[in-house]
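Along the sequence shown, the residues carry numbers beginning at 1. Both ligands and their constituent atoms are indexed starting at 1 by order of listing.
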Amino acid sequence: MRSLVCLLALAGFTTQSLGQQQQQPLYATAKPNVVFILTDDQDAQLGSLDYMPYVKKHLLDKGTHYRSHYCTTSVCCPSRVTLWTGKLAHNTNVTDVNPPHGDYPKFISQGLNDNYLPVWLQEAGYNTYYTGKLFNVHTVDNYNAPFPAGFTGNDFLLDPFTYDYLNSTFQRDREPPQSYEGEYSTDVLAQKAYRLLDEAVAAQKPFFLTVAPIAPHCNVFMNGTGLDANPKFSFSAPIPAKRHEDLFSDIKVPRTPSFNPEKPSGANWIKTLKRQNDTNIDYNDHFYRQRLRALQAIDELVDGLFSRLEDYDILDNTYVVYSSDNGYHIGQHRLQPGKSCGYEEDINVPLIVRGPSVAQNVSTNIVTTHTDLAPTFLDLLGIPLREDFDGDPIPLTENQIEEAHDERQEHVTVEYWGYAAGEGIYDFDLSAYNNTYKALRIRGSEYNLYYSVWCNNEHELYDMTSDPHQLHNLLSTNGLPNATSHIILNVDLSKVVQRLDSLLLVLKSCKGQVCVRPWDALHPRGEVTTLKDALDVRYDYYYEMEQTTRVQFDECARGYFLDVEGPQFGQGTEYGVLRDGLPWYEWV
Ligand SMILES: *[C@@H]1O[C@H](CO)[C@@H](O)[C@H](O)[C@H]1NC(C)=O
Ligand SMILES: *[C@@H]1O[C@H](CO)[C@@H](O)[C@H](O)[C@H]1NC(C)=O
Ligand SMILES: *[C@@H]1O[C@H](CO)[C@@H](O)[C@H](O)[C@H]1NC(C)=O
Ligand SMILES: *[C@@H]1O[C@H](CO)[C@@H](O)[C@H](O)[C@H]1NC(C)=O
Ligand SMILES: *[C@@H]1O[C@H](CO)[C@@H](O)[C@H](O)[C@H]1NC(C)=O
Ligand SMILES: *[C@@H]1O[C@H](CO)[C@@H](O)[C@H](O)[C@H]1NC(C)=O
Ligand SMILES: *[C@@H]1O[C@H](CO)[C@@H](O)[C@H](O)[C@H]1NC(C)=O
């Protein structure tokens with residue numbers, strides 16, 4: 001290296017001018033590039049973005065912030081498979097983080113390794129690069145059996161070291177795994193991301209680079225590879241880089257009304273949680289600070305990526321997308337640190353997009369979900385959409401966002417199977433194993449609701465206009481309103497519940513565009529596109545007398561087994577949507 005520098009100096013170059021030479025645009029391509037930064041377990045509700053100055057500078061100030069962006073299954077592996085396929089978990093059947101119902105081997109056995117975004121991008125002429133965590137149980141033993149398809153260059157984090165902040169193992173291209181014992185995971189990953197970016201630029205082809213660090217996920221020591229039947233995990237707070245470990249010493253979890261509330265809240269096992277004592281709360285505050293500290297290395301990585309995109313002079317032709325697989329709760333509803341619930345903390349996740357023609361310094365409330373990301377990526381790269389997508393491209397320009405206020409869907413399909421792990425050091429609740437539920441988040445201009453049906457058939461409905469922290473369940477266990485007085489849109493609650501439940505019945509098994517336009521299944525003439533439309537009095541009889549099949553479960557299962565998931569839409573005898581080709585209310 002030294003001799004190279006001397007040689008260049010002799011020839012009239014300086015190292016400085018070598019640097020400047022690299023800063024020239026190496027190629028000009030009409031097709032845009034994408035850099036996708038995918039963090040792990042980052043909340044949108046607990047304020048994490050407020051502690052990331054470079055994310056603000058490069059993304060929030062220069063791009064569009066989708067404040068109502070949601071994951072559809074609030075745990076990593078199912079959510080990531082949704083994100084890479086554009087399909088809800090009930091259509092991938094990768095529903096868990098561990099075997100047998102979900103993990104890298106299940107992703108493979110479902111045939112998805114040949115049929116997901118990186119493969120489609122390569123087919124369309126893109127070079128694809130990835131560093132960081134791909135899926136759970138992608139391990140030092142199975143990383144090559146088979147290799148993940150669709151990558152031009154990769155450097156994956158592997159189990160059992162994925163969440164070991166100070167002892168990570170990465171696996172590059174077709175090489176054997178390499179340990180980075182003692183180095184800080186996000187910093188190792190940053191170097192890998194920069195190297196892949198260099199490679200991508202040198203290849204002179206349009207590229208898609210994913211950077212997927214593990215922060216602010218908790219630190220996990222995993223005894224066993226994850227392929228074992230009973231791997232033993234020990235969870236602890238995330239670990240920041242040394243240079244960040246003293247930051248934010250006065251910061252605490254925001255004390256919102258749902259933080260460790262005096263009265264129990266929620267349903268099923270959540271309703272049985274005991275109030276946390278001061279020791280537990282102090283630990284949760286520590287856990288929260290460790291998350292913010294661990295995010296600092298990611299914030300620096302974001303800055304590093306932007307300065308390189310600028311140096312290469314390709315920033316104007318590159319979309320940079322920032323999101324996370326699922327959200328996170330700490331202490332809300334008395335919950336220990338974790339995810340897996342349907343409450344706002346767990347399903348609402350950051351999404352920020354910057355790039356050519358994307359509105360700058362804009363924040364919007366239009367509803368978008370992780371099923372929309374794969375369609376969005378294909379759309380913005382000019383690649384035809386696939387018919388089996390359960391989502392739709394996200395509006396990116398100011399005009400598109402404006403139109404979306406009137407036209408875009410207002411619902412999010414939320415689904416979960418299996419257990420909810422507490423990730424702190426206190427009180428792992430065994431009843432959290434029955435954490436299977438179907439839910440619906442709906443945000444229109446005149447209402448803001450969350451409706452859920454649990455596998456033990458308990459129900460929840462929160463009117464988030466008056467109850468943003470989801471503390472007052474309006475339904476009794478059997479799904480009927482517990483108080484007759486509650487009114488939404490001037491309509492009695494029982495009528496609202498009929499509509500919501502019918503909508504959820506459609507969504508829990510929807511495929512393709514039905515998931516985007518579920519009201520069409522109930523109103524085939526297309527005249528109903530919102531909850532407000534469906535609440536029209538002329539549909540009262542239809543929802544009261546005809547659409548009487550209810551979402552329910554026969555038992556709590558760990559995976560997606562149709563035979564215990566109760567009636568399916570279109571199978572009940574009362575399904576009389578069309579008679580003589582007309583919906584009932586037209587026919588009568
Ligand atoms: C972004 O918009 C806000 C107001 O909407 C304004 O106060 C702020 O200065 C803007 N920031 C930038 C970087 O343009
Ligand atoms: C989902 O996968 C499980 C195995 O993990 C299987 O038993 C189940 O039948 C599948 N469900 C559906 C609906 O295909
Ligand atoms: C770090 O990981 C290596 C394997 O990659 C393992 O041999 C070693 O024991 C681990 N070190 C610690 C401190 O856990
Ligand atoms: C890992 O598990 C094995 C077998 O259960 C046990 O013997 C060993 O002590 C464990 N190691 C650690 C570091 O917990
Ligand atoms: C506080 O709660 C934790 C978790 O339930 C428990 O382990 C601990 O013993 C409690 N501490 C005190 C001082 O009560
Ligand atoms: C979980 O649900 C199953 C079946 O629905 C039930 O038999 C079991 O008792 C439940 N377990 C707990 C811990 O609540
Ligand atoms: C019943 O509904 C009211 C709102 O009308 C709510 O404040 C209350 O918490 C609910 N009660 C129960 C037991 O769920």
Legend entry - Distance under 6.0 Å and angle within 45° of ring axis: Arg558 vs Tyr433: no
Inset, instruction - State the atoms of ligand 3, each with its element, that fall below the 4.0 Å cut-off from a heavy-atom position in Thr169. - result: 5 (O)
Legend entry - Residues in ring-ring contact (aromatic ring centres under 6.0 Å, His included) contact with Tyr543, at least two apart in sequence or another chain: His523
Inset, instruction - Please indicate whether any nitrogen or oxygen in Tyr426 is less than 3.5 Å from any nitrogen or oxygen in ligand 5. - result: no
Legend entry - Where ligand 5 meets Lys274 - atom numbers and elements under 4.0 angstrom, heavy-atom basis: 5 (O)
Inset, instruction - Measure the acute angle between the ring planes of Phe36 and Trp84, then classify it against the limits of 30° and 60° as parallel, tilted or perpendicular. - result: perpendicular
For a distance cut-off of 3.5 Å, show me each N or O of ligand 2 paired with any protein N or O, plus the separation.
unit_1, atom_1, unit_2, atom_2, d
ligand 2, 2 (O), Asn93, OD1, 3.4
ligand 2, 2 (O), Asn93, ND2, 2.4
ligand 2, 2 (O), Lys106, NZ, 2.8
ligand 2, 5 (O), His101, ND1, 2.7
ligand 2, 5 (O), Lys106, NZ, 2.6
ligand 2, 11 (N), Asn93, ND2, 2.9
ligand 2, 11 (N), Tyr560, O, 2.8

Inset, instruction - Might you confirm whether atom NZ of Lys252 has over 12 heavy atoms from other residues, nucleotides or ligands at distances under 6.0 Å? - result: no
Legend entry - Presence of salt bridge, Arg243 and Glu300, under 4.0 angstrom: yes
Inset, instruction - Would you confirm whether the ring centroid of Trp417 sits within less than 6.0 angstrom of the ring centroid of Phe553? - result: no
Inset, instruction - Can you see which heavy atom on Gly266 is nearest to which on His333, and at what distance? - result: N-ND1, 4.5 Å
Inset, instruction - Report, in ascending order of atom number, the atoms of ligand 3 lying under 4.0 Å from any heavy atom of Ser179. - result: 5 (O)
Inset, instruction - Count the heavy atoms belonging to other residues, nucleotides or ligands that lie under 6.0 Å from CD of Glu262, then report whether that count exceeds 12. - result: no
Inset, instruction - Any atoms of ligand 5 less than 4.0 Å from a non-hydrogen atom of Asp427? List them with their elements. - result: 4 (C), 5 (O)
Legend entry - Phe170 and Tyr180 aromatic ring geometry - parallel, tilted or perpendicular at 30°/60° bounds: perpendicular
Legend entry - Proximity of Phe161 to ligand 3 by residue part, where a heavy atom lies under 4.0 Å: side chain
Legend entry - Any N or O of Asn167 closer than 3.5 Å to N or O of ligand 3: yes
